[in-house]
Amino acid sequence: MAPPVSGKARYKVGRLTKRAEFLAVAGARRKWSAPGLLLQARAQDGVQKPRKGEPDVRVGFTASKKVGGAVERNRARRRLRAAVAEVLAPHALPATDYVVVARAETVRRPYAALKQDLAQAMKKLRAWQDPPAPDAAPQADGGGT
RNA sequence: CCAGACGGUCGGAUGGCCGCUCCGUCGCAAUGGGGAAACCCGCGGUGGGGAGGAAAGUCCGGGCUCCACGGAAGUACGGUGCCGGCUAACGGCCGGCGGGGGCGACCCCAGGGAAAGUGCCACAGAGAGCAGACCGCCCGUCUGCCCCGGGCUUCGGCCUGGGACGGCAUGGGCAAGGGUGAAAGGGUGCGGUAAGAGCGCACCGCGGCCCCGGCGACGGGGCUGGCAUGGUAAACCCCACCGGGAGCAAGACCGAAUAGGGGCGGCAGCGCCGGGCAACCGGCCAAGCGCACUUCCGCGCCGCCGCCCGGGUGGGUCGCGUCGAGGCGUCCGGCAACGGGCGCCCCAGAGGAAUGGCCAUCCCCCGGAUACCGUCCAGCACGCUGGAUACGGUCCGGCGGACAGAACCCGGCUUACAGGCCGUCUGGCGUU
RNA sequence: UGGGGCGUCGCCAAGCGGUAAGGCAGCGGUUUUUGGUACCGCCAUACCUAGGUUCGAAUCCUAGCGCCCCAG
């Protein structure tokens with residue numbers, strides 16, 4: 001691959017959109033449940049992999065009816081998306097698909113705690129790594145301290 | 001000032017950091033990447049747009065698209081139901097009418113037909129749809145007892161006439177009153193009567209006819225009938241009017257692999273039976289292939305290969321937001337709904353679904369504090385002291401900021417909703 | 001998106017204009033040494049919500065809430 005973005009500090013992640021992709025991640029049975037969210041992970045293979053030119057880390061979001069009405073479900077997904085951009089993107093393993101599932105608590109949970117939930121879930125699933133280019137690390141590490 | 005009625009409107013504000021999506025524009029990326037194809041995809045700068053009054057429920061009406069259909073009428077089914085208007089249309093809206101509620105502003109009403117037919121009206125009650133007579137009221141007959149009169153008498157009574165009160169008696173009249181019921185076959189009053197009854201009369205109600213006003217629903221008046229016609233149609237039904245079906249996962253286009261369909265060519269097979277003039281069709285056997293392999297048995301498949309064609313699934317693009325029953329402003333007509341003229345504007349377009357995440361300050365709300373300022377109360381040495389704070393500041397705290405997220409688009413309806421603002425009106429109290 | 005159905009006591013469930021059955025569970029009693037079984041009694045407990053029609057509504061109508069199913 002020839003990534004056009006090499007020196008930039010922003011970590012791009014792709015998006016899971018097809019039902020089959022979500023089922024594949026769920027079928028891997030690598031999941032961990034935190035108070036504010038539920039994380040699933042799966043290493044990509046020859047069938048489930050990003051198309052060329054896309055980022056090689058992909059994330060999908062799920063907010064079912066159990067979370068609430070459309071307003072609550074939208075808000076839960078948006079908060080999770082923001083947390084993923086801050087926490088998961090810089091520390092994600094390459095060639096891995098993630099699915100973040102919203103829970104009823106996701107909407108009410110303080111944002112700092114939500115970020116900690118995500119980081120803890122990644123570590124529990126052994127899907128955490130330190131940024132590969134620490135010199136270009138962005139200022140998105142506020143969750144730890 | 002308090003209480004209330006109706007209508008309209010808004011539905012947090014400002015800023016910072018980091019992001020999303022669409023459109024325009026400039027530059028870079030390039031002989032660029034992905035994909036079978038259709039088609040999709042960067043990076044950086046800059047400018048702009050980016051949820052609602054209900055976007056909701058999906059209860060109606062349309063546009064749009066496909067399907068069906070010769071016209072008209074009818075049947076069935078579903079819906080609507082006072083009148084007039086508005087509208088593209090509606091079960092919507094506006095203005096009226098009638099009925100009901102409220103002191104009032106005002107609110108509520110599926111509000112056609114019950115003398116076309118059918119059904120139903122429990123229990124209670126004498127009687128409930130061809131009404132009926134339990135208590136009761138009245139008139140007789142019979143009879144009991146009491147009072148009054150007459151006659152007879154052997155003074156014990158007997159006969160007879162009248163009156164009053166009665167009777168497990170009996171023959172009729174009545175439907176006022178009692179009682180039952182949601183409802184008892186017009187209501188109230190007077191007359192009338194043996195007692196009563198529309199039996200008669202007055203008023204009210206109801207029906208019929210006529211006149212007047214109104215486009216009409218209907219209203220007003222007159223004459224007349226003499227009560228005939230209980231309720232229920234959100235029971236069946238009758239009448240009038242309306243309705244072809246499905247829905248953007250509609251639909252249009254582009255178009256893999258696999259299986260199946262068709263055509264052409266080559267090769268293999270071409271035994272038997274049935275049908276047919278034949279082309280050919282159907283069946284059976286064998287061969288072949290598969291069930292790991294060999295033999296037997298069993299089961300299953302049935303010409304093989306190549307090329308081409310069309311339908312079509314996954315996938316992709318369009319549909320899809322430039323133009324609309326469009327928005328804003330203004331003028332005119334109309335009581336109004338609404339219509340018309342003119343000017344300006346282009347105003348969300350996602351697609352596992354953008355419109356956000358976090359933080360400050362302000363605003364509002366809730367709880368607490370009240371040293372201080374105001375306010376109120378008390379004391380007076382008249383300027384202070386003590387207290388209160390339900391109110392205005394001030395300070396502190398608040399996982400406090402309603403209902404809720406476009407999905408093809410409009411017009412309505414219904415439902416949810418913290419709080420604020422504006423206007424009109426009604427009732428009460430006070431002051432002048 | 002379109003269509004269909006159901007909400008009755010703690011659970012299951014009848015009733016389809018006039019009285020809200022029944023079973024299980026629960027409580028009390030009898031029988032039994034005790035428990036179970038059996039029998040008797042008590043369930044003064046229920047019609048999803050709000051309006052309306054009707055003399056009268058669980059039942060009919062309208063609106064809403066919740067749940068389930070079917071088709072694409």
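Fair warning: this is a prediction, and the values are worked out from it, not measured in the lab. FYI, side chains are in, hydrogens and waters are out, and symmetry mates aren't considered; it's all heavy atoms of this structure. In what follows, chains carry the letters A, B, and so on, assigned in the order in which the sequence lines appear, proteins first and then strands, with residues in each chain numbered from 1.
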Taking only residues two or more places apart in sequence, or in another chain, which ones meet A:Arg73 in a salt bridge (Lys or Arg N to Asp or Glu O under 4.0 Å)? none

Which residues pass the salt bridge (Lys or Arg N to Asp or Glu O under 4.0 Å) test with A:Arg108, not counting sequence neighbours? A:Glu105

In whole angstrom, what separates [X]'s [atom1] from [N]'s [atom2]?
{"X": "A:Asn74", "N": "B:G357", "atom1": "CG", "atom2": "P", "result": "10 Å"}
{"X": "A:Arg73", "N": "B:A55", "atom1": "CZ", "atom2": "P", "result": "21 Å"}
{"X": "A:Lys115", "N": "B:G19", "atom1": "NZ", "atom2": "C1'", "result": "14 Å"}
{"X": "A:Gln40", "N": "B:G352", "atom1": "CD", "atom2": "P", "result": "19 Å"}
{"X": "A:Glu86", "N": "B:G19", "atom1": "CD", "atom2": "P", "result": "10 Å"}

If you measure from the [atom1] atom in [N] to the same atom in [M], how many Å do you get, rounded?
{"N": "B:A217", "M": "B:G101", "atom1": "C1'", "result": "23 Å"}
{"N": "B:C422", "M": "B:A234", "atom1": "P", "result": "48 Å"}
{"N": "B:C64", "M": "B:C82", "atom1": "C1'", "result": "37 Å"}
{"N": "B:G387", "M": "B:C362", "atom1": "P", "result": "33 Å"}
{"N": "C:U49", "M": "C:G72", "atom1": "P", "result": "37 Å"}
{"N": "B:G340", "M": "B:G57", "atom1": "C1'", "result": "37 Å"}
{"N": "B:G112", "M": "B:U80", "atom1": "C1'", "result": "12 Å"}
{"N": "B:C237", "M": "B:U232", "atom1": "C1'", "result": "13 Å"}

Chi angles and distances behind the side chain to side chain donor-acceptor pair (under 3.5 Å) call for A:Arg75, A:Thr106: CA-CA 9 Å; A:Arg75 182 166 171 82; A:Thr106 306; over 6 Å; no

Does the structure show a Watson-Crick or G-U wobble partner for [N], both distances under 3.5 Å? Name it, or say none.
{"N": "B:G24", "answer": "B:U46"}
{"N": "B:G189", "answer": "B:C201"}
{"N": "B:G92", "answer": "B:C86"}
{"N": "B:A378", "answer": "B:U385"}
{"N": "B:G11", "answer": "none"}
{"N": "B:U313", "answer": "none"}
{"N": "B:A268", "answer": "none"}
{"N": "B:C335", "answer": "none"}

Chi-based syn or anti call at [N], which uses purine or pyrimidine torsion atoms and a 90° bound:
{"N": "B:G198", "value": "syn"}
{"N": "B:G156", "value": "syn"}
{"N": "B:C323", "value": "syn"}
{"N": "B:A51", "value": "syn"}
{"N": "B:G53", "value": "syn"}

Closer than 3.5 angstrom, by distance alone: can the side chain of [X] be matched with the main-chain N or O of [Y] as a donor-acceptor pair?
{"X": "A:Arg109", "Y": "A:Leu37", "answer": "no"}
{"X": "A:Arg79", "Y": "A:Val107", "answer": "yes"}
{"X": "A:Asp117", "Y": "A:Gly36", "answer": "yes"}

State which residues pass side chain to side chain contact (heavy atoms under 4.5 Å, CB included) with A:Ala92; sequence neighbours excluded, sorted by chain then number. A:Val57, A:Leu88, A:Tyr98

Under 3.5 Å, is there a donor-acceptor pair between the A:Arg77 and A:Thr62 side chains? no

Please give me every residue in residues 75-82 of chain A whose heavy atoms get under 4.0 Å of an atom in RNA chain B, ordered by residue number. A:Arg75, A:Arg77, A:Arg78, A:Arg79, A:Arg81, A:Ala82

Contacts of A:Phe61 and A:Ala83 projected onto RNA chain B by closest heavy atom; the upstream (5') one is A:Phe61

Find every protein N or O atom lying less than 3.5 Å from an N or O atom of nucleotides 399-401 of chain B, and list the pairs.
residue	atom	partner	partner atom	Å
B:C399	O2	A:Arg108	O	2.8

Check A:Asp97 with A:Arg42, please: is the shortest side-chain N to carboxylate O separation under 4.0 Å? no

To the nearest 0.5 Å, what is the distance between CG (A:Leu39) and CD (A:Gln120)? 11.0 Å

Under the salt bridge (charged side-chain N to carboxylate O under 4.0 Å, His left out) definition, can you give me all pairs with a residue in residues 24-33 of chain A, not counting sequence neighbours? none

